[in-house]
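Chain letters run A, B, ... following the sequence lines, proteins first and then strands; every chain starts at 1.
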Number of protein chains: 2
Amino acid sequence: MKMNKREFKDKVYIELSTVAKAMANPVRLEIIDLLAQGPFSVEQIANYTEQSIANASQHLQHLKKAKLVQISRNGNFIYYSLASESVYNTWVSLRELGKVFNTEIAKVVHDFRKGQSKGMQAIDAATLATMLEKDEVVLLDVRPEEEYNRGHIHRALSIPVDHLGQSLKKIPHKKMLVAYCRGPFCVYADEAVAMLTRKGYHAVRLEEGFPEWALKGYPVDYTTSK
Amino acid sequence: MKMNKREFKDKVYIELSTVAKAMANPVRLEIIDLLAQGPFSVEQIANYTEQSIANASQHLQHLKKAKLVQISRNGNFIYYSLASESVYNTWVSLRELGKVFNTEIAKVVHDFRKGQSKGMQAIDAATLATMLEKDEVVLLDVRPEEEYNRGHIHRALSIPVDHLGQSLKKIPHKKMLVAYCRGPFCVYADEAVAMLTRKGYHAVRLEEGFPEWALKGYPVDYTTSK
DNA sequence: AATCTATTCAATTAAATAATTGAATAGATT
DNA sequence: AATCTATTCAATTATTTAATTGAATAGATT
């Protein structure tokens, strides 16, 4: 039987709202932000988001049902990843919407960074690209090394933030330091800049993360980990 | 007192989920899709979405609280519009996510169009642009005239779908007809193509709507309605 | 086959969301 | 000031959602 206009529109918007509902939860948004960095196991996701494994798993089932994530298996571990680039694109749109327009988010980010270090500064990708061309900065990737290996900004040194204390001697004083991590809401770079600043270095963070840098077409490298 | 990392992330993702929640409802998604076409009053929005005025207003309050819409006033009427282009961009990302990846939406669209007319075809914006350059088609804007006046595809004739019956003599037989309306989930173009096909015309619809065409940088016109 | 580990499932409880209905309100109009 | 129109608000009811807890399961490993 022929579907009428109202039935059609109702069905389409109900389906789309299912996708939007999958994203309408803070824990699931954090999971999507994390998976933008690559595949992670349930245990890792639970760890990074500070949820119970059961709760993380339930949220992952919700995302899977909405077809936003997909799984692969390695031994006992099940790895989750974003199902497609359009999931990432929608996450980025939503984040931009929140950043540009929800002043509360900007305020939270600003307050957090100010609490980390007075005069905390961030530069954007275009500025970094120019500085790298002029060889003016030392670039630090302060994510876990596994993520560095999956892909990193061209010429970045890998110094995970929790190893930063014991790695200071590797870092030249002469040039300005730029630290980057997973993205605007990841705080590894904030922590790194705070520590480096306390040790007398001139350090700032990159606003974007590796995925945004890559998406903008700037040069990236990969480490073959074999 | 200094905000810790977990507090920071929780606050940021909760704020962002507020935005996502505003979109996580089929009625509000339809409202956003409608407002992508320009400002509408509460009464118009209630009419087009087939909701009560009270319900439409409640959803609009929800969208307003999330800062996704803004208002202006004209006499007794309050007009709602999308608060920024990034609201529209997020809507488009979500819709693309749904179209590309949620096969149920594609099926609903296909089933609806098949119910309208066997052999129902749609072309995309790039195809239309080429055909217009070669002067191969007659382009019909089948939206309400008010929306045509706000902006339309270059060289489109305005023939609102509910006037199509009495406007057939205006339409040449010799060329292929392309009908367009508000976007992929608007059915004015489907209805127009069904009617034209029954009357012996060779007609197809444009997949995209006017906003997508404009966003892709293709030529547009405006009618000064004074 | 037995055991282990990571993960999922199910039930419960509490909180959040949404449509309806009628009342109230905000401006505009007279 | 009185009246009107469009819109918003508030209470109610039903539905949906989410965290917790403990049980169950799916594969891997031995």
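- Atom NZ in B:Lys65 sits roughly 15 Å away from atom P in D:dT8 (whole-Å rounding).
- Closest to the B:Glu43 side chain, of the nucleotides D:dT7, C:dA6, C:dA18, is D:dT7.
- The phosphate of D:dA18 has OP1 or OP2 within less than 4.0 Å of a side-chain N or O from A:Asn25.
- Proximity note for A:Lys21 (side chain, C-beta onward) versus C:dA16, D:dT17, D:dA26: the nearest is D:dT17.
- Distance, A:Ile14 CD1 to D:dT15 P: 15 Å, rounded to whole Å.
- OP1 or OP2 of D:dT8 has at least one side-chain nitrogen or oxygen of B:Tyr80 nearer than 4.0 Å.
- Considering only side-chain N and O atoms, B:Gln58 lies nowhere under 4.0 angstrom from the phosphate OP1 or OP2 of C:dA18.
- Phosphate proximity of C:dA19 to B:Asn55: present, with a side-chain N or O under 4.0 Å from OP1 or OP2.
- One atom, CG of B:Leu60, and another, C1' of C:dA19, lie 15 Å apart when rounded to the nearest Å.
- In this structure, A:Arg143 and A:Tyr148 approach most closely via the heavy-atom pair NH2-CA, 3.7 Å.
- For A:Ala54, the listed nucleotide lying nearest its side chain is D:dT21; candidates were C:dT21, D:dT21, D:dA28.
- Relative orientation of the A:Tyr79 and A:Phe77 rings is tilted, given thresholds of 30° and 60° on the angle between their planes.
- Rounded to an integer number of Å, the gap from CG of B:Asn76 to C1' of D:dT8 is 14 Å.
- Picking from D:dA11, D:dA28, D:dT7 the nucleotide with the shortest atom distance to the side chain of B:Ile53 gives D:dT7.
- Of all nucleotides listed (C:dT7, C:dA18, D:dG27), C:dT7 comes nearest to the side chain of A:Ser41.
- Taken to the nearest 0.5 Å, the CD atom of B:Glu208 stands 9.0 Å off from the CD1 atom of B:Ile123.
- Taking only side-chain nitrogens and oxygens, A:Arg28 comes nearer than 4.0 Å to OP1 or OP2 of D:dA18.
- Residue-level contact check: A:Tyr79 touches neither bases nor backbone, having no heavy atom under 4.0 Å from any strand.
- The side chain of A:His59 contributes no N or O atom lying less than 4.0 Å from OP1 or OP2 of D:dT17.
- With A:Glu212 as reference, A:Tyr88 is the one residue of A:Tyr88, A:Tyr218, A:Tyr180 to meet the side chain to side chain donor-acceptor pair (under 3.5 Å) rule.
- The structure places CD of B:Gln116 at 6.0 Å from CD of B:Glu191, a figure rounded to the nearest 0.5 Å.
- A cation-pi contact links B:Arg150 to B:Phe40, judged by a cut-off of 6.0 Å to the six-membered ring centre and 45° from its axis.
- A:Gln51 comes within contact range of no nucleotide atom at all, as no heavy-atom separation falls under 4.0 Å.
- Between the P atom of C:dT7 and the CD atom of A:Gln61 lies a distance of 11 Å, rounded to the nearest Å.
- Summarising the geometry, the separation between CD1 on A:Ile45 and P on C:dA6 is reported as 15 Å, rounded to the nearest angstrom.
- Rounded to whole Å, atom P of C:dA26 lies 10 Å from atom CZ of B:Arg73.
- Pair assignment for C:dT29 gives D:dA2, based on Watson-Crick or G-U wobble hydrogen-bonding distances that are each under 3.5 Å.
- Taking the side chain of B:Val42 as heavy atoms from C-beta on, and the options D:dA18, D:dT8, C:dT5, the nearest nucleotide is D:dT8.
- With a cut-off of 3.5 Å on both pairing distances, the Watson-Crick or G-U wobble partner of D:dA23 is C:dT8.
- Computed from coordinates, the A:Phe40 CZ to C:dT7 C1' distance equals 18 Å when rounded to whole Å.
- Both distances falling under 3.5 Å, in either a Watson-Crick or a G-U wobble arrangement, place C:dT17 opposite D:dA14.
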